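Quick note: residue numbers are just sequence positions, from 1. All of these numbers come straight from a predicted model, not from anything done at the bench. Counting convention: from 1, in listed order, for ligands and their atoms alike. Both backbone and side-chain heavy atoms feed into the values below; hydrogens, waters and symmetry mates do not.
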Amino acid sequence: MTEATTIPSVTLSNGVVMPAIGFGVFQIPDDAMCTTVRHALAAGYRAFDTAPMYGNERSLGRALTNSGVPREELFVTTKVSNEDQGYQSTLDAVESSVARLGLDYVDLCLIHWPAPARGAYLDTWRALEQLHAAGRIRAIGVSNFQADHLDRLLEVAAVRPMVNQIEIHPLLPQQPMVELHRSLGIHTQAWAPLARGRLQENPVLTELARRHDVSLAQLVLRWHLQRGTIPLPKSSSPERMRANIDVFDFALDADEIAQITALDRNERTGPHPDDVH
Ligand SMILES: NC(=O)C1=CN([C@@H]2O[C@H](COP(=O)(O)OP(=O)(O)OC[C@H]3O[C@@H](n4cnc5c(N)ncnc54)[C@H](OP(=O)(O)O)[C@@H]3O)[C@@H](O)[C@H]2O)C=CC1
Ligand SMILES: O=C(O)C(=O)[C@@H](O)[C@H](O)C(=O)CO
């Protein structure tokens with residue numbers, strides 16, 4: 001049997017410890033969840049990223065509960081959907097997520113998108129602060145927030161977001177956001193860390209992967225780790241799940257990291273945050 005990889009951790013601003021790589025479950029259907037989670041846990045993943053929008057909180061919670069892995073070893077993230085933004089609706093929505101997950105508490109809850117046209121993310125944040133104070137959520141954060149959304153939030157927030165989960169990969173390294181987060185003590189999580197399969201033909205990545213004798217995905221995930229952008233790769237293949245966290249026995253030098261960051265094309269695989277309502 002292949003040995004599981006032990007994933008290092010980061011410590012959030014409130015002292016909560018979070019794995020430095022998570023497993024994304026967007027588009028994992030309910031009927032595949034149990035097998036997928038079993039393989040992910042066997043590979044070594046302990047952090048799982050879902051959202052009400054993915055429609056799989058219930059099957060994820062059930063798969064984790066039935067896995068036999070102690071709850072305190074797991075780190076489960078969910079999000080507040082755009083249509084649930086607002087104070088009371090967020091309180092209700094998070095309780096519904098916790099009930100669907102069946103896990104008593106959530107480790108990290110994020111505002112999924114700022115949805116600025118709704119004008120509700122400040123009230124949504126106030127509700128998350130209250131749930132955090134009440135111990136229903138161990139850590140709170142945002143997702144897809146740009147600098148102007150963060151600025152507005154920080155003007156009124158009693159608790160600073162512990163995480164901002166944004167789209168990041170070599171075609172969209174988001175260096176200014178990574179630096180902003182670092183200056184504010186906010187951890188950056190990277191969604192679509194592998195650019196949803198768009199990196200395959202890139203000659204710079206291919207050459208660096210060859211030099212280190214790793215796959216292109218492993219190279220890119222190592223780049224994330226060394227930049228401090230916590231990747232959430234999704235895979236439905238047990239081999240790729242294992243390979244995606246087998247990235248702790250090689251290191252990139254500063255020049256190699258810079259070469260990958262310089263591939264920036266400002267190319268998104270998902271929508272621009274200002275366009276999501
Ligand atoms: N906060 C937000 O707004 C968002 C959050 N997310 C989160 O981020 C997670 C990851 O993002 P996602 O959009 O899935 O994109 P990823 O960049 O993780 O890409 C996933 C794709 O890459 C393939 N893949 C995975 N590993 C490898 C590998 N080693 N070699 C080659 N191909 C590979 C997968 O195929 P296969 O399954 O066949 O291996 C799948 O098609 C989501 O699951 C979700 O949790 C995503 C979008 C938005
Ligand atoms: O997965 C998520 O969390 C999303 O919000 C995405 O589905 C996003 O809406 C997208 O990229 C759609 O292509």
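Applying the salt bridge (Lys or Arg N to Asp or Glu O under 4.0 Å) rule to R198 yields the partners E267; only residues at least two apart in sequence or on another chain are considered.
Residue S236 has at least one heavy-atom neighbour below 4.0 Å for each of these atoms of ligand 1: 36 (P), 37 (O), 38 (O), 39 (O). Using a 4.0 Å cut-off to heavy atoms of G270, the atoms of ligand 2 that qualify are 11 (O). Below 4.0 Å from some heavy atom of H112 lie the following atoms of ligand 1, by number and element: 1 (N), 2 (C), 3 (O). For ligand 1, the atoms lying closer than 4.0 Å to a non-hydrogen atom of L232 are 8 (O), 9 (C), 10 (C). Using a 4.0 Å cut-off to heavy atoms of Q165, the atoms of ligand 1 that qualify are 1 (N), 2 (C), 4 (C), 5 (C). Every atom of ligand 1 is numbered from 1 in the order shown, and the set under 4.0 Å from a heavy atom of P233 is 18 (O). For ligand 1, the atoms lying closer than 4.0 Å to a non-hydrogen atom of A195 are 17 (O). Residue contact check: A217 has heavy atoms under 4.0 Å from atoms 28 (C), 29 (N), 30 (N) of ligand 1. The ligand atoms of ligand 2 that sit less than 4.0 angstrom from a heavy atom of W113 are 5 (O), 8 (C), 9 (O). Interface of W113 with ligand 1, defined as ligand atoms under 4.0 Å from a residue heavy atom, comprises 3 (O).
In this structure, of R196, Q165, M53, H112, the residue bringing a heavy atom nearest to atom 11 (O) of ligand 2 is R196.
No part of Q27 comes within 4.0 Å of ligand 2, judged by heavy-atom distances.
Annotation: atom 7 (O) of ligand 2 to nearest protein heavy atom, F26 CZ, 3.0 Å. Nearest to atom 2 (C) of ligand 2 among the protein's heavy atoms is Y54 OH, 3.2 Å. Summary of contacts: the protein heavy atom closest to atom 29 (N) of ligand 1 is N244 OD1, 2.8 Å. Regarding atom 12 (C) of ligand 2, its nearest protein heavy-atom neighbour is P271 CD, 4.1 Å. The protein heavy atom nearest to atom 11 (O) of ligand 1 is A192 N, 3.2 Å. Residue, atom and distance of the protein heavy atom nearest to atom 14 (O) of ligand 1 are K234 CB, 3.4 Å.
Heavy-atom neighbours of Q88 CD from other residues, nucleotides or ligands within 6.0 Å: above the threshold of 12. Enclosure of atom CG in D213 is not indicated, since only 12 or fewer non-hydrogen atoms of other residues, nucleotides or ligands lie within 6.0 angstrom.
For the side chain to side chain contact (heavy atoms under 4.5 Å, CB included) criterion with P114, the lone passing option out of Q146, Q85, H149 is H149. Here the options are V163, I137, V80, N144, the test is side chain to side chain contact (heavy atoms under 4.5 Å, CB included), and the partner is L110; only V163 passes.
The aromatic rings of Y54 and F26 lie tilted to each other, with the angle between the two planes from 30° to 60°.
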Which atom pairs, one a donor and one an acceptor, fall under 3.5 Å between side chains of residues 36-44 and the rest of the protein, sequence neighbours left out?
unit_1, atom_1, unit_2, atom_2, d
T36, OG1, A32, O, 2.7

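Of the polar atoms of F26, at least one N or O is found under 3.5 Å from an N or O of ligand 1, judged by distance alone. An N or O contact shorter than 3.5 Å is missing between Q200 and ligand 1 by distance. Polar contact check, K79 against ligand 1: no nitrogen or oxygen pair lies under 3.5 Å apart.
Figure legend: R71 and Y105 shown as a cation-pi pair, the cationic atom lying under 6.0 angstrom from the six-membered ring centre and within 45 degrees of its axis.
No hydrogens or angles considered: a donor-acceptor pair under 3.5 Å links the side chains of E57 and S97. A donor-acceptor contact under 3.5 angstrom links the side chains of H224 and T229, judged on distance only.
Ion pairing between D49 and K79 holds under the 4.0 Å rule for side-chain N and carboxylate O. With respect to the salt-bridge test (charged N to carboxylate O, under 4.0 angstrom), the residues R152 and E155 do not qualify.
The closest approach between a heavy atom of G270 and any atom of ligand 1 is not below 4.0 Å.
By the definition of a contact as any protein heavy atom under 4.0 Å away, atom 41 (O) of ligand 1 is not in contact.
A donor-acceptor contact shorter than 3.5 Å links the side chain of S215 to the backbone of Q218.
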